[in-house]
Amino acid sequence: MQISEHHMPQTKEHLLASRVGEIVANDFRSAHLFSQFGIDFCCGGGISLERAIKRFDVDEAQLIEALMALGIEGEKQQGLDQLPLSELLDYIEATHHSFVREKAPLLIEYSQKMVRAHGEHYDEIKPFAGWIRALIEDLMPHLMKEEQILFPAIRAMANGEQVNGCFGHIGNPINAMEHEHDQASEIIERLRTLTNDFTPPAHACTTWRICYATLEEFVADLHQHIHVENNILFPKALAI
């Protein structure tokens, strides 16, 4: 019986040579590991694990051991890369886009409460609230552009229809969306630094703690959201 590449036992050498995005596409559980180790698996998914370990200054032995323990060679947790394009688009909108719209108003509300209660006493609060607003203000039109322009064009291509867009080649809006993903990732890094990796200080009130916890959840979902688009959806669309 022939064993598929995805189900062959992984060696340390094979993992180090694999692209980060490939590893996550093969087993989504690895995304949570990469987040824990501080590796950007969405916008940084195109580089090898070996390069990522050096770039993000990660303990190689610990990460490799954790990845091997996951059984990366096992069945894919969600198999998103096997979905037809139309179903993949439905999944992205129903899960990640709806998640952003659900949590974004809460982040704005919590961060503004923090400004009113603590903004004059703790220097990090006002910049924190400002970067939250900047992230949300970037993401909301980004979702609309995907849902109203890019995704309908990809659906049409997948159905063999003529795409009548003003953007030329499909690669143009894809490049624009990837650039906006990079901008969101930069804001996330600023927020991560400001919050000490979403760790509330000992004196933090309940709203402060809830806001950091909500932001951590929001960022984890956004990382997976960007990964699915950058490393699964966009290459599939470009391959048509």
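Source: prediction; values computed, not measured.
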Sub-4.5 Å side-chain heavy-atom contact between I187 and Q183: no
Worked check of side chain to side chain contact (heavy atoms under 4.5 Å, CB included) between F151 and L85: CA-CA 10 Å; F151 287 8; L85 271 171; over 6 Å; no
Check: F128 ring centre within less than 6.0 Å of Y110 ring centre: no
Audit row: L15, T11, side chain to side chain contact (heavy atoms under 4.5 Å, CB included) steps and yes/no: CA-CA 6 Å; L15 283 170; T11 64; over 6 Å; no
Nearest heavy-atom neighbours spanning L139 and A184: CD2-CB, 4.5 Å
Transitive ILVMFWY side-chain link Y122 to L215, under 4.5 Å: yes
Pairs meeting criterion salt bridge (charged side-chain N to carboxylate O under 4.0 Å, His left out) with involvement of residues 212-226, two or more places apart: K103-E217
Pairwise distance CG(L63) to NZ(K12) - rounded to 0.5 angstrom: 11.0 Å
Minimum side-chain heavy-atom gap L88-V228 below 4.5 Å: yes
Within-4.5 Å side-chain heavy-atom neighbours: I174 and L233: no
Distance-minimising heavy-atom pair for V100 and P105: O-CD, 4.4 Å
Aromatic plane relationship, W208 with H203 - under 30° parallel, 30 to 60° tilted, over 60° perpendicular: perpendicular
Shortest non-hydrogen contact from G21 toward N231: CA-ND2, 3.7 Å
Chi angles and distances behind the salt bridge (charged side-chain N to carboxylate O under 4.0 Å, His left out) call for R133, E109: CA-CA 10 Å; R133 184 168 292 280; E109 178 187 343; over 6 Å; no
Side chain to side chain contact (heavy atoms under 4.5 Å, CB included) between L33 and I39, intermediate numbers included: CA-CA 9 Å; L33 270 183; I39 287 179; over 6 Å; no
Check ion pair E161-R155 (N to O, under 4.0 angstrom): no
Heavy-atom donor-acceptor pair, N196 side chain to T199 backbone, under 3.5 Å: no
CE/M140: more than 12 non-hydrogen atoms of other groups inside 6.0 Å: yes
Ring centroid separation F218 to H223 under 6.0 Å: no
Beyond-backbone contact of E93 with S98, side-chain heavy atoms, under 4.5 angstrom: no
Within one Ile-Leu-Val-Met-Phe-Trp-Tyr cluster: I226 and W131, side-chain cutoff 4.5 Å: yes
Euclidean distance, I154 CD1 relative to E146 CD, rounded to 0.5 Å: 8.5 Å
Note, I53 side chain near L16 side chain (heavy atom, < 4.5 Å): yes
Heavy-atom side-chain contact between F34 and I23 under 4.5 Å: yes
K126 and E120: CA distance, side-chain angles, deciding distance, salt bridge (charged side-chain N to carboxylate O under 4.0 Å, His left out) verdict: CA-CA 9 Å; K126 288 181 179 177; E120 300 305 319; 2.9 Å; yes
Taking every non-hydrogen atom, the tightest pair across E229 and P235: O-CD, 4.1 Å
Straight-line distance of S18 OG to H14 NE2, nearest 0.5 Å: 4.5 Å
Considering all heavy atoms, the nearest A129-V115 contact: CB-CG2, 3.5 Å
Hydrophobic cluster membership, F234 vs M144, 4.5 Å side-chain cutoff: no
Where P127 and L194 come nearest, the two heavy atoms and their spacing: C-CD1, 4.0 Å
Approximate separation, where rounding is to 0.5 Å, of I132 CD1 and M114 CE: 8.5 Å
F99 with Y212, same ILVMFWY side-chain cluster at under 4.5 Å: yes
Under 3.5 Å: donor-acceptor pair, side chain of E22, backbone of R19: yes
Residues in side chain to side chain donor-acceptor pair (under 3.5 Å) contact with E180, at least two apart in sequence or another chain: H142, K145
Steps toward side chain to side chain contact (heavy atoms under 4.5 Å, CB included) verdict (V20, S48): CA-CA 6 Å; V20 171; S48 69; over 6 Å; no
Heavy-atom side-chain proximity of E189 to R192 below 4.5 angstrom: yes
Pairwise distance NE2(H179) to CG(N175) - rounded to 0.5 angstrom: 10.5 Å
L83 side chain near D90 side chain, heavy-atom distance below 4.5 Å: no
Any donor-acceptor N or O pair under 3.5 Å, side chains H96, Q224: no
Cluster check I232, L143: I/L/V/M/F/W/Y, side chain < 4.5 angstrom: no
Salt-bridge present (R101, E147; N to O < 4.0 Å): yes
Rounded distance [0.5 Å steps], CG in D81 versus NZ in K236: 6.5 Å
Flag if over 12 foreign heavy atoms under 6.0 Å of CZ, R190: no
